[in-house]
There are 2 protein chains.
Amino acid sequence: MSSKKPTIKDVARLAGVSFKTVSRVVNNEAWVSDDIKTRVQAVIAQLNYQPNRTARLMRTAPFSLAFVYDNPNSHYVIEMQNGILSQCRQKGFELVIHPTDSHSGQVLQELTTIIGSNQVGGVILTPPLSENRELVQQLLAQQAKVVRIVSGSAPPDDLCPTIYVDDEQAGFNITRHLLAQGHRRIAFLGYHKDHQSSLGRYRGYCAALREAGLTVSEQLVITGDFTFDSGVAMTEQLLQRGDKPTALFGCNDEIAAGALFTARMHQLAVPQDLSIVGFENSPFSRQTWPRLTTVHQPNAEIAAKAAALLISLMLENETQTAHCGFELQLVLRDSVSTL
Amino acid sequence: MSSKKPTIKDVARLAGVSFKTVSRVVNNEAWVSDDIKTRVQAVIAQLNYQPNRTARLMRTAPFSLAFVYDNPNSHYVIEMQNGILSQCRQKGFELVIHPTDSHSGQVLQELTTIIGSNQVGGVILTPPLSENRELVQQLLAQQAKVVRIVSGSAPPDDLCPTIYVDDEQAGFNITRHLLAQGHRRIAFLGYHKDHQSSLGRYRGYCAALREAGLTVSEQLVITGDFTFDSGVAMTEQLLQRGDKPTALFGCNDEIAAGALFTARMHQLAVPQDLSIVGFENSPFSRQTWPRLTTVHQPNAEIAAKAAALLISLMLENETQTAHCGFELQLVLRDSVSTL
DNA sequence: TAAAAATATGACAACGTTGACATAAATTTT
DNA sequence: AAAATTTATGTCAACGTTGTCATATTTTTA
């Protein structure tokens, strides 16, 4: 077992060719005779030669991309990572994961560092970072390729390729489902004015109510964030009121989990006494009892698409902005009763 | 906005010094006059110069490490990632995540590629990969630094620094807790002969029963893996038997979730009719109803420790094998009744 | 005050690869 | 059969750093 890793020159020496020819074989370039090709390949196998990625990177554009997220929600992140990774592996790219705190004000500087040092050639941005137009522009100004995943029924602009996810339509559909089951007093949990996904789902909720001839009651729209604890607090708040809802739309499954938990604490049977729906189709929504009716969010697919767009952007030096929209499907399970 | 990224030579030119001097300033080397140091730093700030990581890597050992895992359990992975990342950021290291399929037989080849290409200088191995002695040796033979996380009350050998987690003790403790509440028929769900964590927890379970003067009943030990579906299937199997247990030890929280779900399907109240404990203190265990009594597994800490060991191993060229053990604490919640 | 030591700076090679260009050999065209 | 073209191979300079060594300057020591 030799102590140093073999280089392209070691292979060349042993195969009796110039190291450039080895480079040609490795990179599958044209104009290499079959004779030499097989000979070189044999030596490569014999020495177990691996091209030095670092050295190669000095001559080529970086083939790493960063996945930037600010989300404590673990399965969401893992699913996205796996989706991105599937693309990266196909194309020989490397993934740098970059969890961050969007409120720290450090994000631009952090990303500037990894871009400026040539650590990555592009980034995938998720909400809420992806909604920061200025951030996107500043990254673009540094020659970085950017793809963003946002909530919306259309891309907000043509700054960069954008994956948009139609929360509004899905919020509309799931609310309409509740209405179809006879529910009239439907609470919305997890409204947040700075959170695009929340707003989209809220707009869908409102549209469905309007379509059914109902008005949106302020009493039933509770502000909070996308956590279990917030779900508990919002549900408590709601249940303390006089006029209780018959159904409850949690802006994500964690909120719905908090609602489910709180309902149990109050001896309310779900769905008999209270129907609950979530959003995201997280593992929790499948594994709890009753299983939650929710909206499936194909995170792996969404992220894979983002990675595919980013990689093609990095390979071909195009500035073209191909966008891609995702529609979300309802997942009907056991947490909704028919009135 | 210039189109090319500034290099060390650009800084040198502007500061009127040789590029080597700039290198000295950047790397904080001795023997640079304060005068020149401040001048160079000013130019660096002015040009917003970032040393090119790739070029630097050509002259130094890689400062990236790989986190290798084969685990669909998302929060476990995310927690570990975050723990590792906290260390990486402190020390300026980069994390390459490498999910893999340990049964594919490809793992060695995959790792050989990322090590051989100098993409990473070390790897963190998790079960079941970390239990593969031969794999560890082959990685070591490639000059890679290796740290592994295993289940056990002591490191299995001195091949490499090892983080060992005492599943047996924790399995003992939680079983004893069940016994202390008066339970005598305690089922063990998720026995798996090839799974060290499962075996450790099982040994603890057996030891606790023996200590209480009970024998281990084969009827109550169910084989299966660490998934929700398996938990459901195992619980079904158990409940179909005549002599039902009063308590149930799920080898992890997912199994316990499956058990909880199945108990509900059978109209069994938890914990009144059946007590259930899990293992891992996953988000699920906190968010379900009743909240699960379980064992806290400090994944982020464990992984951070692994990363710290690996990084120090990569920096100082030591072969010393520092190990580190973790004890796991019981988390008492609402899924156990007192008989 | 000369010699020695410490401090500060620079010149240049190296890291392992790819790209631009040169050239040699084989094949096709005229 | 000569010229032009295609195919196959090689030479060498980059890429942006860090390490080695040389050298210039300053300070300390004898």
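A:Y49 approaches A:P51 most closely through the heavy-atom pair OH-CA, 3.3 Å.
Partners of B:Y76 according to the ring-ring contact (aromatic ring centres under 6.0 Å, His included) rule, which considers only residues two or more places apart in sequence or in another chain, do not exist here. Residues passing the side chain to side chain donor-acceptor pair (under 3.5 Å) test with A:T112 are A:Q142, sequence neighbours excluded. Qualifying salt bridge (Lys or Arg N to Asp or Glu O under 4.0 Å) partners for B:D10, counting only residues two or more places apart in sequence or in other chains: B:R13. Applying the salt bridge (Lys or Arg N to Asp or Glu O under 4.0 Å) criterion to B:R39, with sequence neighbours excluded, gives no partner residue. Under the rule for a salt bridge (Lys or Arg N to Asp or Glu O under 4.0 Å), the partners of B:D157 that lie at least two apart in sequence or sit in another chain are B:R133, B:R148. Residues passing the side chain to side chain donor-acceptor pair (under 3.5 Å) test with A:T21 are A:S18, sequence neighbours excluded.
Read 5' to 3', the first and last nucleotides of DNA chain D with an atom closer than 4.0 Å to a heavy atom of chain A are D:dT7 to D:dG16.
Residue-level contact check: A:N118 touches neither bases nor backbone, having no heavy atom under 4.0 Å from any strand.
Of the possible polar contacts, one joining the B:S130 side chain to the B:I149 backbone as a donor-acceptor pair under 3.5 Å is found.
The distance between atom CG of A:N28 and atom P of C:dG19, rounded to the nearest whole Å, is 14 Å. At whole-Å resolution of the value, CG in A:N27 and P in C:dG19 are 7 Å apart. The interatomic distance linking A:Q50 (CD) with C:dT17 (P) rounds to 11 Å, in whole Å.
End-to-end axis angle of the helix from C:dT1-D:dA30 to C:dT30-D:dA1, from C1' rotation axes over five pairs per end: 40° (rounded to 10 degrees).
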Distance-only donor-acceptor pairs under 3.5 Å for side chains of residues 27-36 of chain A, two or more places apart:
{"unit_1": "A:N27", "atom_1": "OD1", "unit_2": "A:R56", "atom_2": "NH2", "d": "3.0"}
{"unit_1": "A:S33", "atom_1": "OG", "unit_2": "A:I36", "atom_2": "N", "d": "3.4"}

Side-chain donor/acceptor pairs under 3.5 Å, residues 116-128 of chain A, sequence neighbours excluded:
{"unit_1": "A:S117", "atom_1": "OG", "unit_2": "A:T113", "atom_2": "O", "d": "2.9"}
{"unit_1": "A:N118", "atom_1": "OD1", "unit_2": "B:K5", "atom_2": "NZ", "d": "2.9"}
{"unit_1": "A:T126", "atom_1": "OG1", "unit_2": "A:V68", "atom_2": "O", "d": "2.9"}

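Checked by atom type, the side-chain pair A:E110/A:T100 shows a donor-acceptor distance below 3.5 Å. A:E79 and A:Q297 share no donor-acceptor pair across their side chains, judged by distance under 3.5 Å alone. With 3.5 Å as the limit, one finds a donor-acceptor pair spanning the side chains of A:D158 and A:H323.
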* **Protein proximity profile, nucleotides 5-11 of chain C - base contact B, sugar-phosphate-only contact S, no contact -, cut-off 4.0 Å on heavy atoms** => --SBBBB
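Within residues 56-65 of chain A, the residues that have a heavy atom under 4.0 Å from DNA chain D are, in order of number, A:M58, A:R59.
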